[in-house]
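Notes follow the structure.
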Amino acid sequence: QVQLVESGGGLVQAGGSLRLSCAASGRTFSSYAMGWFRQAPGKEREFVAAISWSGGNTYYADSVKGRFTISRDNAKNTVYLQMNSLKPEDTTVYYCAARSPYCSGYGCYVNGYEYDYWGQGTQITVSS
């Protein structure tokens, strides 16, 4: 069992930056690949970014590539999402999630149903 708690959300102006953190507790954090997803009310969950258990591989949705950076610190049991050049369309709730490390390639990281544990979410609001 892994418990995930996101933090760092808030209100920011367009063009600004935020850094989300996701702290994990429970079983060994480094045993899991991690992902960030987002979901607006009434819309489907959307993949944002993912990182392999070692941090050696990262994956991004086209909509955030070049603006967002995912990273992890296994010593601190934390995964981060640095969000730069934020746009109003980035406004929504962001969730971190953990999955088995046995995943190779973008296709398996992007599927939210492959993740076993989810945080409660943190709201990001980008004003224009």
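- In this structure, the side chain of T92 engages the main chain of Q39 through a donor-acceptor pair within 3.5 Å.
- Residue pairs meeting the side-chain hydrogen bond (donor to acceptor under 3.5 Å, both in side chains) criterion with at least one partner in residues 73-83, sequence neighbours excluded, are R72-N74, Q82-N84.
- Taking every heavy atom of both residues into account, A14 and S128 meet most closely at CB-CA, 4.3 Å.
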Candidate pair L18 and L86, rule side-chain contact (heavy atoms from CB on, under 4.5 Å), full reasoning: CA-CA 8 Å; L18 282 175; L86 282 161; 4.2 Å; yes
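- In terms of hydrophobic clustering, with Ile, Leu, Val, Met, Phe, Trp and Tyr side chains grouped at heavy-atom distances under 4.5 Å, Y95 and M83 are assigned to different clusters.
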**OP:** Could you give me the CA-CA distance, side-chain angles and deciding distance for D90 and R38, then say whether side-chain contact (heavy atoms from CB on, under 4.5 Å) is met?
**Re:** CA-CA 9 Å; D90 295 318; R38 61 190 184 187; 3.0 Å; yes
(message) Let's go through V110 and Y59 carefully: what are the C-alpha distance in whole Å and the side-chain angles of both, what is the deciding distance for side-chain contact (heavy atoms from CB on, under 4.5 Å) to 0.1 Å, and is it a yes or a no?
(response) CA-CA 8 Å; V110 74; Y59 305 89; over 6 Å; no
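- For the side chain to side chain contact (heavy atoms under 4.5 Å, CB included) test with Y32, the passing option among V79, V2, L4, I51 is V2; the others fail.
- Of the N and O atoms on the side chains of S127 and Q13, not one donor lies less than 3.5 Å from an acceptor on the other residue.
- Proximity of a side-chain donor or acceptor of Y115 to a complementary backbone N or O of Y109 within less than 3.5 Å is detected.
- Under the 6.0 Å distance and 45° angle rule, R99 does not count as a cation-pi partner of Y113.
- Under a hydrophobic-cluster definition in which Ile, Leu, Val, Met, Phe, Trp and Tyr are linked whenever side-chain heavy atoms come within less than 4.5 Å, directly or via other members, Y60 and F47 are assigned to different clusters.
- At least one donor-acceptor pair closer than 3.5 Å links the side chain of S52 to the backbone N or O of N57.
- Remark: M34 CE to S71 OG distance equals 11.5 Å, nearest 0.5 Å.
- F68 and L20 fall within the same hydrophobic cluster, where Ile, Leu, Val, Met, Phe, Trp and Tyr residues are linked whenever their side-chain heavy atoms come under 4.5 Å apart, directly or through other members.
- Listed here is the closest heavy atom pair of S17 and S85: OG-N, 4.3 Å.
- Counting only distance, with no hydrogens or angles, the side chain of T28 and the backbone of S30 share no donor-acceptor pair below 3.5 Å.
- In terms of modelled atom types and a separation under 3.5 Å, the side chain of E6 and the main chain of G121 share a donor-acceptor contact.
- Under the 4.5 Å side-chain contact rule for hydrophobic residues, I70 and Y117 share a cluster.
- Side-chain contact between T122 and V93 is absent, with no heavy atoms from C-beta onward closer than 4.5 Å.
- Under a hydrophobic-cluster definition in which Ile, Leu, Val, Met, Phe, Trp and Tyr are linked whenever side-chain heavy atoms come within less than 4.5 Å, directly or via other members, Y94 and V64 are assigned to the same cluster.
- S100 is not listed as a side-chain neighbour of E114, based on a closest heavy-atom distance of 4.5 Å or more.
- No donor-acceptor distance shorter than 3.5 angstrom exists from the side chain of T91 to the backbone of T125, with no hydrogens or angles considered.
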Ring pair (Phe, Tyr, Trp, His ring centres under 6.0 Å) between F37 and W118, intermediate numbers included | CA-CA 10 Å; F37 292 78; W118 292 82; 5.1 Å; yes
